[in-house]
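This structure is a prediction, so every number in the text was calculated from the model and none was measured.
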Amino acid sequence: MEGPKAPKDPEKKLPGFYIVREKEIFATEQPDKRGGHFLYENDGRLINSAQISGNITDERILEALKTAEGFRNLVKCIGICVEAGRACKELEFVFQMYGKKDIYGGGTLITGRIPADGVEHWISLSGISWSEDDKEPGQIQFYFDIPEQTAVVSVKLYVGEEWKIPDQGEEDAVDLSGKAAENMIAHSLLSLGNPYRLKRVIEKAKRGETVTLAYLGGSITQGAGAVPVHTECYARKSCEAFAEKFGTGDNVRYIKAGVGGTPSELGMIRFERDVLRNGEQPDLVVVEFAVNDEGDETKGICFESLVRKILGLPWNPAVVLLFSVFANDWNLQTRLAPVGERYGLPMVSVLDAVSPQFSLKREEGRVISKNQYFYDMFHPTNLGHTIMAKCLGYLFNKVNEEGYGQEDTDGSLLEREPVYGKDFETVRLLDKKELCQKARISEGSFCGTDQKLQEVEIDMDIYGTPQFPYNWQYTGQAEETEAFTLKILCRALLLIFKDEGETDTGKADVFVDGHYKMTADPRINGWIHCNAVILFSETESREHIVEILPAPGEEKKKFTILGFGYVL
């Protein structure tokens, strides 16, 4: 449903607070050839936006922002400010409510054409016809007439005069060149570890030999919050800084392999596909899962298995553990750092660098505010990505100044007793392309191929690459349902299935050796991404039979098996 255009007589005197404040956006080409940029505000993100960007602490306001009903009772009008280059005269603004039954198609759309003149313009909510399907605030969307343009935007919610709103005063400019910034960056060095392998990479680059830096992680490594994603993400900035400091021209190569919303449980399965693709042999792998691994069922075994897998490669690459941070000052470095300590790995904590100074005033040494560092509750802004790159650069410089440390390329690292376990150290991907001689597959009714997949920007790409395109899809159109059957000789097996929020997506029951194991529900998370779950993990290999079929009552709905991870 469309809302009215911006009124000529805006409600200027109402109190209001920011939910988006001076954030950069980039127009990615859409199917209709326009450019689009999307800010997700569902699942509590709008509350966090109000806290970080608008300094809101009133629990009544925060509670109202949870639901569409609360939003429409609280908000009187929306103020939008767009500042863009000369090529962009105006944008289409959309604030989308998600629906209860039809998530993406059933909710109200509050829309308006907003001039890109750097002046705040308003959309009144007084005349909107709200949808009965409205559930919660969902997305803020900006549409450019021409793709691949940038703009700086702010969005402010104006409420009734009875509300007391904190001061929304100007923020101080960020200076990353001063002493306070240097001190902040220095606090990121959690451990130098044994610098031998990393020192060797630096010296190799100095000699003019080709070195390859790889970055493996979640959405922050993918570049979420960076605008544009391919040049402003921490991984690219870090690689460029390394090349400038230690390279001799064009001898530093770059691999970026981040997939949003996924833990090391999936990272260990896709490592060969995404990092070692086409025979790549990276000299350094930066591993960033400190804010994704809450979803790791093993609470550390998958992460340690991934680390050991990389350390055990024949060419002995260096491994750096990077611990990013969420806006609530949280990460999992207390769980993951012991793995780094066990294997003597260099470790960098962005949490240790930025979080302690967020509560300071400028005169007390604060370098950057939370609003300036975070694009949303999960991801950094361009400034945040720059700080992450500087934290890695600080480690590289320290290692450059150090001696070689103790040689650790004789295989002795993997002889150390694991902290959590190494159950999945040799896990490999199984899909329609990457087959396994120990496996026999009968597709049954899962004979389709899903093409609507999670997409991520790899390396220097600006547009996404579909994840797990060699999949098995049950389309919901079979007259008789026949199970997908996998017979495999292995000791551990993980199922990777597609999550999404569409109403025509259904659940699937999974059976192992004739016994019910689980029901895979692709609608829990509500957005398209890849979900890995452990079906079994044993000490010895034996033959297993896995059967997957639509759950009772879900036979007319779709379900996609993206692949499997197996350990022989």
Checklist line | Minimum side-chain heavy-atom gap Tyr470-Leu429 below 4.5 Å | finding: no
Notebook entry, point to check: To the nearest 0.5 Å, how far apart are OH in Tyr40 and CZ in Arg45?
Noted result: 8.5 Å
Margin query: Are Asp450 and Phe468 packed together at the side-chain level, in the sense that at least one heavy-atom pair is separated by less than 4.5 angstrom?
Written below: no
Checklist line | Ring centre gap for Phe289 and Phe303 strictly below 6.0 Å | finding: no
Notebook entry, point to check: Do Tyr375 and Lys23 come within less than 4.5 Å of each other through their side chains, counting heavy atoms only?
Noted result: yes
Notebook entry, point to check: Given side chains that start at C-beta, do those of Phe446 and Pro550 come closer than 4.5 Å, heavy atoms only?
Noted result: yes
Item checked: Qualifying residue for side-chain contact (heavy atoms from CB on, under 4.5 Å) with Val287, from Val320, Thr221, Leu321 -> Leu321
Next item on the list: Flag the pair Thr386 / Tyr234 as yes when at least one side-chain heavy-atom distance between them is below 4.5 Å, and no otherwise.
Entry: no
Checklist line | Any donor-acceptor N or O pair under 3.5 Å, side chains Gln467, Glu455 | finding: no
Margin query: A side-chain contact here means heavy atoms from C-beta on lying under 4.5 Å apart; do His121 and Pro115 qualify?
Written below: yes
Notebook entry, point to check: Is it true that Glu502 and Lys452 have a side-chain N and a carboxylate O under 4.0 angstrom from each other?
Noted result: yes
Item checked: Thr505 and Glu500 side chains, donor-acceptor separation under 3.5 Å -> yes
Checklist line | Any donor-acceptor pair under 3.5 Å from Thr381 side chain to Gln372 backbone | finding: yes
Next item on the list: Test Glu232 against Val227 for side chain to side chain contact (heavy atoms under 4.5 Å, CB included), laying out the working first.
Entry: CA-CA 6 Å; Glu232 296 301 315; Val227 180; 5.8 Å; no
Next item on the list: Scan side-chain atoms only and decide if Tyr143 and Gln141 contain a donor-acceptor pair under the 3.5 Å cut-off.
Entry: yes
Next item on the list: May I ask you to decide whether Lys370 forms a salt bridge with Asp329, counting only side-chain N to carboxylate O separations under 4.0 Å?
Entry: yes
Next item on the list: Give me the ring orientation class for Phe564 and Trp472: parallel if the planes are under 30° apart, tilted from 30 to 60°, perpendicular past 60°.
Entry: tilted
Check: Rounded to the nearest 0.5 Å, how far does CH2 of Trp130 lie from OG1 of Thr108?
Finding: 6.0 Å
Item checked: Salt bridge flag under 4.0 Å for residues Arg270 and Glu272 -> no
Checklist line | Residues Lys558, Asp504: salt bridge by 4.0 Å N-O rule | finding: yes
Next item on the list: Any chance you could measure Asp431, atom CG, to Ile496, atom CD1, to the nearest 0.5 Å?
Entry: 8.0 Å
Next item on the list: Determine yes or no for a side-chain-to-main-chain donor-acceptor pair under 3.5 angstrom, with Lys432 supplying the side chain and Asn471 the backbone.
Entry: yes
Note to self: Quick one about Ser53 and Arg21 (side-chain donor to acceptor, distance below 3.5 Å, no hydrogens or angles considered), yes or no?
What the structure shows: no
Item checked: Candidates Leu336, Val348, Leu351 - the one meeting side-chain contact (heavy atoms from CB on, under 4.5 Å) with Phe323 -> Leu336
Check: Salt-bridged, Glu554 to Lys557, with N to O below 4.0 Å?
Finding: yes
Notebook entry, point to check: Going by atom types only, do Asp499 and Asn531 share a side-chain donor-acceptor pair under 3.5 Å?
Noted result: yes
Notebook entry, point to check: Checking Lys156 against Tyr18: charged group under 6.0 Å from the ring centre and within 45 degrees of the axis?
Noted result: yes
Checklist line | NZ/NE/NH1/NH2 to OD/OE distance under 4.0 Å, Lys100 and Asp134 | finding: no
Note to self: Counting the benzene-type ring for Trp, do Phe71 and Phe95 have ring centres under 6.0 Å apart?
What the structure shows: yes
Notebook entry, point to check: Ring centroid separation for Phe378 and Phe326, is it under 6.0 angstrom?
Noted result: yes
Check: Distance only, no hydrogens: is a donor on one side chain within 3.5 Å (strictly under) of an acceptor on the other, for Gln139 and Tyr98?
Finding: yes
Note to self: Evaluate Met388 against Cys391 for side chain to side chain contact (heavy atoms under 4.5 Å, CB included), listing each step before the verdict.
What the structure shows: CA-CA 5 Å; Met388 291 185 67; Cys391 290; 5.6 Å; no
Next item on the list: To the nearest 0.5 Å, tell me how far Glu136 CD sits from Met97 CE.
Entry: 9.5 Å
Check: What do the steps show when you test Lys66 against Glu63 for salt bridge (Lys or Arg N to Asp or Glu O under 4.0 Å), and what is the final call?
Finding: CA-CA 6 Å; Lys66 288 182 179 179; Glu63 184 67 24; 3.0 Å; yes
Notebook entry, point to check: About how many Å separate OG of Ser369 and CG of Asp172, when rounded to the nearest 0.5 Å?
Noted result: 8.5 Å
Notebook entry, point to check: Between Arg34 and Asp32, is there a salt bridge with N-O shorter than 4.0 Å?
Noted result: yes
Next item on the list: May I ask you to check whether Glu41 and Ser49 show a side-chain donor-acceptor distance below 3.5 Å?
Entry: yes
Notebook entry, point to check: For Ile140, which of Leu39, Leu46, Val94 qualifies under side-chain contact (heavy atoms from CB on, under 4.5 Å)?
Noted result: Leu39
Check: Does Asp461 use its side chain to pair, donor to acceptor, with the backbone of Glu457 at less than 3.5 Å?
Finding: no
Next item on the list: Using modelled atom types only, decide if a donor and an acceptor are shared between the side chain of Gln96 and the backbone of Gly138 within a distance under 3.5 Å.
Entry: no
Notebook entry, point to check: With a 4.0 Å cut-off, would you call Asp521 and Arg523 a salt bridge?
Noted result: no
Next item on the list: Please check if the side chain of Ser264 supplies one atom and the backbone of Gly267 the other of a donor-acceptor pair under 3.5 Å.
Entry: no
Item checked: Residue pair Phe142 / Phe38, side-chain heavy-atom distance below 4.5 Å -> no
Next item on the list: Would you indicate whether the side-chain heavy atoms of Trp122 and Ile78 approach each other to under 4.5 Å?
Entry: no
Next item on the list: Return yes if some donor-acceptor pair links the side-chain N/O of Asp133 with the main-chain N/O of Lys101 below 3.5 Å, else return no.
Entry: yes
Notebook entry, point to check: Should Arg113 and Glu90 count as an ion pair when the cut-off is N to O under 4.0 Å?
Noted result: yes
Margin query: Go through it in stages, so that I can follow the logic: the residues are Gln333 and Ser349, the test is side chain to side chain donor-acceptor pair (under 3.5 Å), and I'd like the CA-CA distance, side-chain angles, deciding distance and then a yes or no.
Written below: CA-CA 8 Å; Gln333 72 185 50; Ser349 170; 2.6 Å; yes
Item checked: Distance, nearest 0.5 Å, that separates OH of Tyr373 from NE2 of His379 -> 11.5 Å
Item checked: Sidechain N-carboxylate O distance under 4.0 Å for Arg277, Glu280 -> no
Notebook entry, point to check: Is a donor on one side and an acceptor on the other found under 3.5 Å between the side chain of Asn331 and the backbone of Ser324?
Noted result: yes
Notebook entry, point to check: Can you find a side-chain donor-acceptor pair between Gln168 and Asn55 that sits under 3.5 Å?
Noted result: no
Next item on the list: Check for a donor-acceptor pair, side chain of His385 on one end and backbone N or O of Ala224 on the other, with a separation under 3.5 Å.
Entry: yes
Margin query: Taking Val286's backbone N and O only, do any of them form a donor-acceptor pair with Glu288's side chain (distance below 3.5 Å, no angle check)?
Written below: no
Margin query: Looking at every heavy atom in both Phe358 and Arg366, which two are closest together, and how far apart are they?
Written below: O-CD, 3.8 Å
Checklist line | Exam field: side chain Thr262 to backbone Gly218, donor-acceptor pair closer than 3.5 Å | finding: no
